[in-house]
Amino acid sequence: MTETRQLYASFDSARYHREYYSEVDPEVQFFLQQLHQTFAEGLTDCPGREVLDIGCGPTITAVLSASRWADTITMADLVPANREAVMEWLKKGEDQLDWSPHLKYVAALEGGGLTPSQLADRVRHKVNRVLPADVLQEEPLGAAVPNRFDVMLSSLCLEFAATDLTQYQQALRNVTTLLKPGGYLIMQGALGNSFYLVEEARFPSVSLTHSMISESLRSTGLCEEQWHQIPRQCPLDKMADHTGCFFVVARKKE
Ligand SMILES: C[S@@+](CC[C@H](N)C(=O)[O-])C[C@H]1O[C@@H](n2cnc3c(N)ncnc32)[C@H](O)[C@@H]1O
């Protein structure tokens with residue numbers, strides 16, 4: 001096990017949610033707006049509508065807009081507690097995390113009278129499984145999940161799973177094997193970030209620039225179709241040292 005995987009063994013899902021998702025901060029708004037736009041417009045000539053959110057954490061925000069377009073959504077993460085948090089929300093368990101600010105925000109983006117609770121029902125209906133995943137393995141979902149996906153979402157994952165650029169690129173190659181030719185990778189993350197904290201626990205990150213990400217996509221056989229970035233928007237006391245956030249849409253060559 002690499003050091004990063006050892007660190008994530010004690011990841012505190014509830015605290016992560018409290019510290020980073022208790023409100024819809026401007027950076028999360030940026031991500032949600034980009035996802036909304038992408039799925040409202042649709043994805044040109046996408047082979048199908050099977051979506052995977054890899055490295056989902058305890059977080060459902062990356063799949064809110066996807067649930068409008070997808071036939072099915074698979075969620076996957078390394079950490080059992082994260083997968084349990086997602087499953088607890090899916091079954092409306094007593095200990096489910098509160099995503100109501102995000103549901104409200106995305107329902108308002110979609111408009112047409114969609115209520116937050118209708119949006120939550122739609123997500124619960126579309127997510128059909130929550131699987132273990134390790135992006136540092138050649139087969140991130142293991143050999144038991146043979147099918148490939150039409151769209152892969154990855155939010156704030158690969159740069160946090162890897163310890164250097166070489167390992168980041170390997171993780172990108174690993175997850176890209178899960179994508180069908182012609183399928184889309186939609187990735188959002190942090191620029192220039194070297195760590196984040198969840199209470200006292202410190203998680204390292206590979207510090208990325210746009211050109212590093214572009215080169216990594218290119219060398220993995222992915223065509224960058226859209227790039228959006230914003231400078232850091234959050235208060236200085238947010239416990240990470242990123243300089244900005246990015247959203248990229250890339251397509252796997254046929
Ligand atoms: C910063 S959190 C992001 C969580 C969520 N996607 C979000 O946008 O809030 C990093 C996530 O990467 C996951 N992760 C770390 N190493 C991983 C690995 N080797 N394979 C799969 N997921 C991993 C962690 O479990 C955690 O959920």
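Atoms within each ligand, like the ligands themselves, are counted from 1 in listed order. All values below were derived from every heavy atom in this structure, side-chain atoms included, with hydrogens, water molecules and symmetry-related copies excluded.
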Worksheet item: Quick one: is the NZ or CZ of R68 closer than 6.0 Å to the six-membered ring centre of F39, and within 45° of its axis?
Response: no
Worksheet item: Is any side-chain N of the basic residue among R122 and E110 closer than 4.0 Å to the acidic one's carboxylate O?
Response: yes
Fill in: Residues forming a ring pair (Phe, Tyr, Trp, His ring centres under 6.0 Å) with F160, sequence neighbours excluded
Y196
Discussion item. Donor-acceptor pair, distance only, cut-off 3.5 Å: does the side chain of R83 make one with the backbone of P58?
Written reply: no
Discussion item. Can a donor-acceptor pair be found, under 3.5 Å and without considering hydrogens, that links the side chain of R218 to the backbone of C223?
Written reply: no
For ligand 1, what N or O to protein N or O distances fall under 3.5 Å?
residue: ligand 1; atom: 6 (N); partner: G55; partner atom: O; Å: 2.7
residue: ligand 1; atom: 6 (N); partner: C56; partner atom: O; Å: 3.3
residue: ligand 1; atom: 6 (N); partner: S155; partner atom: O; Å: 2.8
residue: ligand 1; atom: 8 (O); partner: Y21; partner atom: OH; Å: 3.2
residue: ligand 1; atom: 8 (O); partner: S155; partner atom: O; Å: 3.4
residue: ligand 1; atom: 8 (O); partner: S155; partner atom: OG; Å: 2.6
residue: ligand 1; atom: 9 (O); partner: Y16; partner atom: OH; Å: 2.6
residue: ligand 1; atom: 9 (O); partner: Y21; partner atom: OH; Å: 2.5
residue: ligand 1; atom: 9 (O); partner: T59; partner atom: OG1; Å: 3.3
residue: ligand 1; atom: 19 (N); partner: D134; partner atom: OD1; Å: 2.9
residue: ligand 1; atom: 20 (N); partner: V135; partner atom: N; Å: 2.9
residue: ligand 1; atom: 25 (O); partner: D77; partner atom: OD1; Å: 3.4
residue: ligand 1; atom: 25 (O); partner: D77; partner atom: OD2; Å: 2.7
residue: ligand 1; atom: 25 (O); partner: N82; partner atom: ND2; Å: 3.3
residue: ligand 1; atom: 27 (O); partner: G57; partner atom: N; Å: 3.4
residue: ligand 1; atom: 27 (O); partner: D77; partner atom: OD1; Å: 2.8
residue: ligand 1; atom: 27 (O); partner: N82; partner atom: ND2; Å: 3.1

Worksheet entry | Side chain proximity check, H210 to W227, heavy atoms < 4.5 angstrom | yes
